[in-house]
Structures are given as C-alpha cells and as structure tokens.
Amino acid sequence: MNVFRLTGDLSHLAAIIILLLKIWKTRSCAGISGKSQLLFAMVFTTRYLDLFTSFISLYNTSMKLIYIACSYATVYLIYMKFKATYDGNHDTFRVEFLVVPVGGLSVLVNHDFSPLEILWTFSIYLESVAILPQLFMISKTGEAETITTHYLFFLGLYRALYLFNWIWRYSFEGFFDLIAIVAGVVQTILYCDFFYLYVTKVLKGKKLSLPA
C-alpha cells in the first residue's frame with residue numbers, strides 16, 4: 001500500500017458513490033450509459049474471483065465487495081428501477097466490438113494460461129475501454145450534466161493515480177506488471193480530452209458541451 005494506491009482507490013470509490021447518489025437523488029439515469037456500467041460490472045466480477053481462493057487483507061476484501069455490490073446496484077437502477085429514464089436511443093455503442101477482441105487478447109497475452117489468470121487479464125483489458133460507451137453517448141448528445149462530469153473526472157483520476165502507484169512499486173518494490181501498466185496508460189489517454197474540458201469548462205462553472 002502507498003499513498004497513490006490509497007488515493008486512487010478513494011477516487012474510484014468517490015466516482016462510484018457520486019454516480020449512485022446522482023441516480024438515486026434525481027430518480028433518473030438520464031445521461032448515464034448503461035452499457036458502460038454493464039462492462040464495469042463484468043470487470044469487477046471477472047477480476048475479483050480470487051475472493052473465493054485467497055485472502056490478502058480486510059481492506060482488500062472490503063473494497064472488492066464494495067466495487068462488485070455498487071456496480072450491480074448501478075446496473076439494477078439503470079435497467080430496472082429507473083428504466084423509464086434510461087436514454088437507450090443514445091446509448092448505442094456496439095460493446096461486442098470491445099468484449100470480443102478483449103476476450104481474444106486476454107487468451108493470447110497473459111501472465112499464466114489458467115482460468116483465473118485469463119479472467120483477471122480480461123478484466124484489466126476491458127476496464128481500459130469500458131468507459132467508451134459513456135464517452136460515445138456524450139459525443140452523441142453533445143453535452144453532459146455537471147454531476148456526470150464529476151463522476152468521470154474521479155474515475156479518470158483513479159486510473160491516473162494508479163499509474164503513479166505502478167511507478168512507486170517499481171521504484172521501491174521492484175514490482176512491474178506490463179499488462180496493468182499498458183492498460184492503465186490506454187485508459188488514461190482516453191480521458192485526456194475530457195480532463196481538458198473538465199478543467200476549462202466544468203471547474204469554471206460552465207456546462208460541459210461539445211462543439212457542434
């Protein structure tokens with residue numbers, strides 16, 4: 001554990017809580033990509049199967065259970081409780097174009113050719129692109145609610161902080177995970193344009209709107 005991982009985990013948790021509160025308080029999931037949330041639920045499910053095989057720490061286990069529970073709670077709110085507010089007409093990204101290639105890559109490029117390791121690798125690759133349906137949805141509508149942009153900012157911040165976590169671990173522990181690092185870099189790059197718009201517009205009190 002180091003400060004970058006801890007703050008990364010807290011940023012990730014903040015993003016999830018912000019999204020859940022947004023949906024619950026407004027009684028609406030307008031502007032939220034259900035497809036991205038399904039992909040994140042898939043990410044956590046396949047990544048944390050080691051809950052059944054190993055125990056690292058109470059913190060580690062608690063965070064894993066929270067991520068899984070919150071991801072499925074979000075999916076439930078979008079597709080069941082507040083289904084009438086879900087904007088399926090704009091949430092049209094073809095997720096099979098992500099899941100299938102990622103599945104194939106995780107079989108070909110992994111640390112160990114075993115079921116749990118392949119599924120863990122699949123989750124790492126999938127997380128790096130799981131936000132694409134949400135970004136695609138924003139590009140189609142041309143704008144995003146302020147609270148949704150806060151969610152995306154903390155989600156991107158979590159991944160950026162984890163890159164510093166990998167640098168720290170390599171420097172002080174000699175630990176190096178090329179798969180996680182490359183996937184993290186890809187994910188962070190996807191947020192770059194959003195970070196720019198967040199700083200130049202949202203933090204100045206303006207609504208995030210894309211050029212026509």
Side-chain angles (χ1 to χ4, degrees), residues 1-2 4-6 8-9 11-13 15-16 19-20 33-80 91 93-135 155-156 158-170 173-191:
M1 179 62 70
N2 58 70
F4 297 113
R5 178 175 177 179
L6 179 60
D9 286 346
S11 294
H12 196 183
L13 186 60
I16 294 172
L19 182 62
L20 281 171
S33 169
K35 291 186 176 182
S36 271
Q37 298 310 311
L38 281 172
L39 292 180
F40 282 124
M42 191 181 300
V43 164
F44 297 134
T45 302
T46 53
R47 180 174 303 173
Y48 299 141
L49 291 172
D50 62 345
L51 282 169
F52 299 103
T53 62
S54 61
F55 177 81
I56 299 175
S57 68
L58 180 60
Y59 170 84
N60 183 274
T61 298
S62 299
M63 293 300 281
K64 288 177 179 178
L65 291 174
I66 289 172
Y67 290 151
I68 293 172
C70 288
S71 65
Y72 280 99
T74 304
V75 169
Y76 166 76
L77 293 178
I78 293 174
Y79 286 102
M80 297 187 72
D91 193 14
F93 192 94
R94 300 284 297 276
V95 293
E96 62 268 27
F97 292 153
L98 300 178
V99 176
V100 174
V102 162
L105 185 61
S106 63
V107 172
L108 296 173
V109 183
N110 52 68
H111 294 309
D112 180 54
F113 197 75
S114 64
L116 282 181
E117 188 64 31
I118 290 173
L119 288 171
W120 178 86
T121 305
F122 171 81
S123 76
I124 296 296
Y125 292 152
L126 184 61
E127 185 184 22
S128 70
V129 294
I131 199 62
L132 282 176
Q134 180 66 64
L135 297 178
L155 202 59
Y158 137 71
R159 180 42 62 189
L161 286 167
Y162 252 67
L163 288 181
F164 288 105
N165 165 60
W166 295 125
I167 294 173
W168 176 279
R169 294 193 65 184
Y170 178 72
E173 303 173 17
F175 182 83
F176 184 77
D177 188 331
L178 184 60
I179 289 176
I181 292 172
V182 172
V185 169
V186 170
Q187 188 173 357
T188 304
I189 289 174
L190 291 178
Y191 283 94

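Just so it is clear, the model here is predicted, and its values are computed rather than measured.
The side chain to side chain donor-acceptor pair (under 3.5 Å) search around Thr45 returns Tyr72, not counting sequence neighbours. Shown here are the side chain to side chain donor-acceptor pair (under 3.5 Å) partners of Ser57, two or more places apart in sequence or in another chain: there are none. Listed by chain and residue number, Asp50 satisfy the side-chain contact (heavy atoms from CB on, under 4.5 Å) test with Ser54 (two or more places apart in sequence, or in another chain). In this view, Ser33 and Asp91 satisfy the side chain to side chain donor-acceptor pair (under 3.5 Å) rule, not counting sequence neighbours. Residues passing the side-chain contact (heavy atoms from CB on, under 4.5 Å) test with Val75, sequence neighbours excluded: Gln37, Leu38, Ala41, Tyr79. For Phe55, there are no ring-ring contact (aromatic ring centres under 6.0 Å, His included) partners at least two apart in sequence or on another chain. Qualifying ring-ring contact (aromatic ring centres under 6.0 Å, His included) partners for Tyr59, counting only residues two or more places apart in sequence or in other chains: none. Considering only residues two or more places apart in sequence or on other chains, Ser123 meets the side chain to side chain donor-acceptor pair (under 3.5 Å) condition with Arg47. Considering only residues two or more places apart in sequence or on other chains, Phe97 meets the ring-ring contact (aromatic ring centres under 6.0 Å, His included) condition with none of them. Residues meeting the side-chain contact (heavy atoms from CB on, under 4.5 Å) test with Ala73, sequence neighbours left out: Leu20. For Leu132, the side-chain contact (heavy atoms from CB on, under 4.5 Å) test picks out Phe93, Leu98, Val129, Leu190, with sequence neighbours left out. For the ring-ring contact (aromatic ring centres under 6.0 Å, His included) test, no residue two or more places apart in sequence or in another chain qualifies with Phe122.
Between the side chain of Ser128 and the main chain of Tyr125, a donor-acceptor pair closer than 3.5 Å is present. In terms of modelled atom types and a separation under 3.5 Å, the side chain of Thr121 and the main chain of Asn110 share no donor-acceptor contact.
Ring planes of Tyr162 and Trp166: perpendicular class, angle over 60° (limits at 30 and 60°).
A centroid separation of less than 6.0 Å is found between the aromatic rings of Tyr67 and His12.
Within a 6.0 Å radius of CE in Met1, other residues, nucleotides and ligands contribute more than 12 heavy atoms.
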